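Quick notes on the structure that follows.
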Protein chains: 2
Amino acid sequence: MSTDDSRGHPPFAVTVDLAVFTIRDGAFSVLLVERGVEPYAGSWALPGGFVEPHEDAETAAWRELHEETGVERFGRHGGHLEQLRTYSAPDRDPRMRVVSVAHVAFAPDLPEPRAGSDAAGARWWAVDDLLVRSTGPDGPRLAFDHAEILRDAVERIRAKLEYTTLALEFVAEPFTLPELRRVYTAVWGSAPDLGNFRRKVLGTEDFVVPTQTHETPSEAGGRRALLYRRGAAASISPPMLRAIG
Amino acid sequence: MSTDDSRGHPPFAVTVDLAVFTIRDGAFSVLLVERGVEPYAGSWALPGGFVEPHEDAETAAWRELHEETGVERFGRHGGHLEQLRTYSAPDRDPRMRVVSVAHVAFAPDLPEPRAGSDAAGARWWAVDDLLVRSTGPDGPRLAFDHAEILRDAVERIRAKLEYTTLALEFVAEPFTLPELRRVYTAVWGSAPDLGNFRRKVLGTEDFVVPTQTHETPSEAGGRRALLYRRGAAASISPPMLRAIG
DNA sequence: TCAATAGTGTCTTTGAGACACTATCGC
DNA sequence: GCGATAGTGTCTCAAAGACACTATTGA
């Protein structure tokens, strides 16, 4: 702002909403909480809460993320969180004037969520079951304008996988290239060609760093993949484009 | 938001700040207003103002844009405006707790700005003179956190020229390809190769639509360029990458 | 005829897309 | 050996980069 003083200007409540994503059982999934109070009691919503007086929005978002999932901010790769955009329609909350700064967060397969203080429950939902496709959603309709926020968040992530190394945020170290490829498969909905995927990942300097060891046998047979750690590269150029559709 | 009621939660003021860009005399330029009141009286700042009770942030941004520049929202290409991000550091305004939803706007060469009600003046500044380079800024230091907002806005625009047809928002119809190329040159700071630029623009379906007429002679001699209108395409794929640097 | 600008053509190189092939594991 | 998974090689084609060349104007 720059022009006037705020005298006569009404107060707003400011909140953060979080779209927290992970890959669970190969499915691109988002955390929702069941609302315990009106409005929308019994509906599912993105987790969130009020920004406190001493906080900026990002700090509030980290606090909420920790409260809901236990993820800590410490170090690089204690999860990743970034601002998405701000939603400010005057009627988006029937109780009062609320402006919400939405954020997007990711982490490798997370523990079962804790229930928030006044949320009746919390669970992961497959994103595909929530988004409206030709048939409409298989999951619940979301409270407030959270369906719109979720759509925007999903599109942001799909786009950022193309030109950043964001996919690394969805795997725990050490990881295999097939695991990393399954992140792209889950988020984009179709598998990138195996050979081309490897060429791109291994050809991008410092995207992944090989270790000397191979994964230990899992259940199904098959050759054991080499393990990698995350590299320091942040961007992929030229981008790895998703297939059309 | 989703969890609690706002009882006990302190009020925020919500504002919009605008980074309004145009190309003036071949220079990528941004509109600043001179502050008439404390804090930062006499400093330059991005134009902006409070969000009114009945408005969402985007509506408030359009209103401010109109007040400052006269640009109307009507129709396609009465200018372009989009949300950038939200700035919410607790101490960003010494007077009170203010959250600002920053927006970016563009238009073809605009008339001289009107002074806002309580802004002492308003003028265009070349972006290059404001951004800190090796030598520090040649222009004024900006009020509040507006230098950070401006940096983010400039980077957003530079990036979006690569994969969208946003450059069209900087030219008035009808326009020539050399004019359009000068937009890229001004924003990126270096000229894309002429032949490659034409190949990309003309090869992208519906990026530009040719007319039957050529420009009328200007001052300097030289062949007269064909005139075009904006096409309906919104994205460029694969992107037109800026040169390294 | 010259300077200035608009516009075309083309050679080379990079890298994506597609897909066949080889390697290593458990059984 | 077979099924399953990991990993390699290679042919083709689209498109960017670089840059030389031609075209049209005013003076």
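Values in this document were obtained by computation on a predicted structure and should not be read as measured data. Just so we're on the same page: letters track the sequence lines, and every chain starts at 1.
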Exercise for the section: Report yes if some heavy atom in the side chain of B:Glu68 is under 4.5 Å from a heavy atom in the side chain of B:Val20; otherwise report no. Expected result: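 No, their side chains stay 4.5 Å or more apart.
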
Handout entry: Lys/Arg cation over aromatic A:Tyr228: A:Arg230, 6.0 Å, 45° cone
Key = no

Exercise for the section: Determine, for A:Tyr87 and A:Arg85, whether the Lys NZ or Arg CZ falls below 6.0 Å from the six-membered ring centre while staying within 45 degrees of the axis. Expected result: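 Here A:Arg85 passes the 6.0 Å and 45° test against A:Tyr87.
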
Practice task
Figure out the CG/P separation between A:Leu194 and D:dA4, and round it to whole Å.
Solution key: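 Rounding to the nearest Å, CG of A:Leu194 and P of D:dA4 are 17 Å apart.
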
Problem - Length of the line joining B:Arg223:CZ and D:dT24:P, which is rounded to integer Å - result: 5 Å

Handout entry: Salt bridge flag under 4.0 Å for residues B:Glu173 and B:Arg229
Key =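 Result for this pair is yes, salt bridge flagged.
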
Problem - Salt bridge B:Arg63-B:Glu67, side-chain N to carboxylate O under 4.0 Å - result: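 Salt bridge flag = yes for B:Glu67 with B:Arg63.
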
Problem - Contact interval (first through last nucleotide) of DNA chain C with protein chain A, 4.0 Å heavy-atom - result: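 Going 5' to 3' along DNA chain C, contacts run C:dA16 to C:dG26.
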
Handout entry: Single hit among B:Phe144, B:Trp125, B:Trp124 for ring-ring contact (aromatic ring centres under 6.0 Å, His included) with B:Trp44
Key =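 Among the candidates, only B:Trp125 passes.
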
Handout entry: Residue pairs passing the ring-ring contact (aromatic ring centres under 6.0 Å, His included) test where at least one lies in residues 147-171 of chain B, sequence neighbours excluded
Key =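 Listed once each, the pairs are B:Phe106-B:Phe170.
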
Practice task
State, without any angle test, whether A:His80 and A:Glu82 hold a side-chain donor-acceptor pair at a distance under 3.5 Å.
Solution key: yes

Below 3.5 Å is the cut-off: list the nitrogen or oxygen pairs between protein and nucleotides 11-16 of chain D, distance only.
{"unit_1": "D:dA16", "atom_1": "OP1", "unit_2": "B:Lys200", "atom_2": "NZ", "d": "2.5"}
{"unit_1": "D:dA16", "atom_1": "N7", "unit_2": "B:Arg199", "atom_2": "NH2", "d": "3.4"}

Problem - 5'-most by nearest nucleotide on DNA chain C - B:Asp193 or B:Glu179 - result: B:Glu179

